[in-house]
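If you read the sequence from its start, that first residue is 1, and numbering goes on from there. Atoms within each ligand, like the ligands themselves, are counted from 1 in listed order.
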Amino acid sequence: MKIAVIGPGAMGCLFAARLARSGCDVTLVDHKQERAARLNASGILVEGADGTIETKLKVVTNVPNNCELAIVLVKAHSTIHLNLNSRTPVLSLQNGLGNVETLCSLIGSANLLAGVTSEAVTQLDEGKVKHVASGATRFGAWTTCPTGPAMKALTGAGFSVELTESPGQVIWEKAAVNAGINPVTALSGVKNGLLVEVPELRQLMRDLVVEAVKVAATEGYRFENSVVEVAEKTCTDTAENISSMLQDVRSGRTTEIDALSGEIVRRAQLSALPTPRTRVVWQLIKGIERR
Ligand code: PAF
């Protein structure tokens, strides 16, 4: 199967390398020409508990027209700049809120699959990543797109995949978890595991998740399990992981705070719901981005 993986970050490298190892014809898409050239030459390296994958991939700056699936793993603020073919099925596994709405504005909803992944990956260097912990990848059709081919490719590549009838629900759940973990780790500079060990950080993370869950409820999303418990378990399961937001802050990159806390504050305002802690962490991370 011809697959384009869009985004050469930590998650993009993991998905591209594993899909290529399983026999898919994978092209990695990086909008930065010079970096794409370097990655073409160097290849991708994924270190993991289940061994190391070293692979050479085609790295190009535009999504090939003939691919059968495009997996979007770019940061939320880059989604609007994607150049996608509306006839190619597109699977978004990005962090944050608003990606699906942006993709719908670009290609419509008929070929859109959406969801989240709980794989934990740390970027070591350009094209070099460490797979810290395995986690489920959950996705479903946003409207009518068949899920079979993407499911087959991902399970064949060794991912643990669950289909969902409600991709909006899993995206909100992950966003609420990330809205708790990511800003707190980025502001305090700690690995995920310490969030459940330091009582003050744990409380702040819990409060942020509760604010997010209340906003999700205004959009009709209700969760069977406690999302606070999911966030705490995520911290334990990915204890050694440096969250994507802390990785971004350390590398001086723009973070996904606007698609997490910023979007939660914006949506809360529509229902006149107070989200004071979410607003403060959003404001502080915006300041860090400008350092
Ligand atoms: O963004 C991240 O880093 C991950 O989604 C998570 C779950 C916080 C693990 O590090």
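- Residue contacts with ligand 1 for Ala120 are absent, since no atom lies close enough (heavy atoms, distance under 4.0 Å).
- Between Thr234 and ligand 1, no N or O atom pair is found at a separation short of 3.5 Å.
- Near Asn95, meaning under 4.0 Å from any of its heavy atoms, are these atoms of ligand 1: 1 (O).
- Below 3.5 Å of separation, one finds an N or O of Asn178 facing an N or O of ligand 1.
- At a heavy-atom distance under 4.0 Å, no atom of Ile242 approaches ligand 1.
- Atom CD of Glu256 and atom CG of Leu97 lie 11.0 Å apart (nearest 0.5 Å).
- Taking the charged nitrogens against the carboxylate oxygens, Arg267 and Glu101 do have a contact shorter than 4.0 Å, which makes a salt bridge.
- Under the side-chain hydrogen bond (donor to acceptor under 3.5 Å, both in side chains) criterion, Thr79 pairs with Gln94, Asn99, sequence neighbours left out.
- Taking 4.5 Å as the limit, some side-chain heavy atom of Arg250 sits within range of a side-chain heavy atom of Ile242.
- Residue contacts with ligand 1 for Lys174 involve side-chain atoms from C-beta outward but no N, CA, C or O (heavy atoms, distance under 4.0 Å).
- Looking at Thr122, Thr117, Asn241, Leu246 and measuring to atom 10 (O) of ligand 1, the nearest heavy atom belongs to Asn241.
- In terms of polar-atom proximity, Asn182 is counted as a contact of ligand 1, with an N or O under 3.5 Å from an N or O of the ligand.
- Contacts between Thr185 and ligand 1 below 4.0 angstrom, taking non-hydrogen atoms only, are absent altogether.
- Checked by atom type, the side-chain pair Trp142/Asn111 shows no donor-acceptor distance below 3.5 Å.
- Classified by interplanar angle (parallel below 30°, tilted 30° to 60°, perpendicular above 60°), the ring pair Phe159/Phe15 is parallel.
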For Leu154 and Phe139, what are the C-alpha separation, side-chain angles and deciding distance, and is it a side chain to side chain contact (heavy atoms under 4.5 Å, CB included)?
CA-CA 11 Å; Leu154 290 171; Phe139 75 91; 4.0 Å; yes

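- In the vicinity of Ser243, heavy-atom distances shorter than 4.0 Å reach the ligand 1 atoms 3 (O), 10 (O).
- In this structure, atom 9 (C) of ligand 1 lies nearest to the protein heavy atom Asn192 ND2, 3.3 Å.
- Taking every non-hydrogen atom of Ser244 and a distance limit under 4.0 Å, the qualifying atoms of ligand 1 come out as 1 (O), 2 (C), 3 (O).
- Under 3.5 Å, the side chains of Asn192 and Thr185 contain no donor-acceptor pair of N or O atoms.
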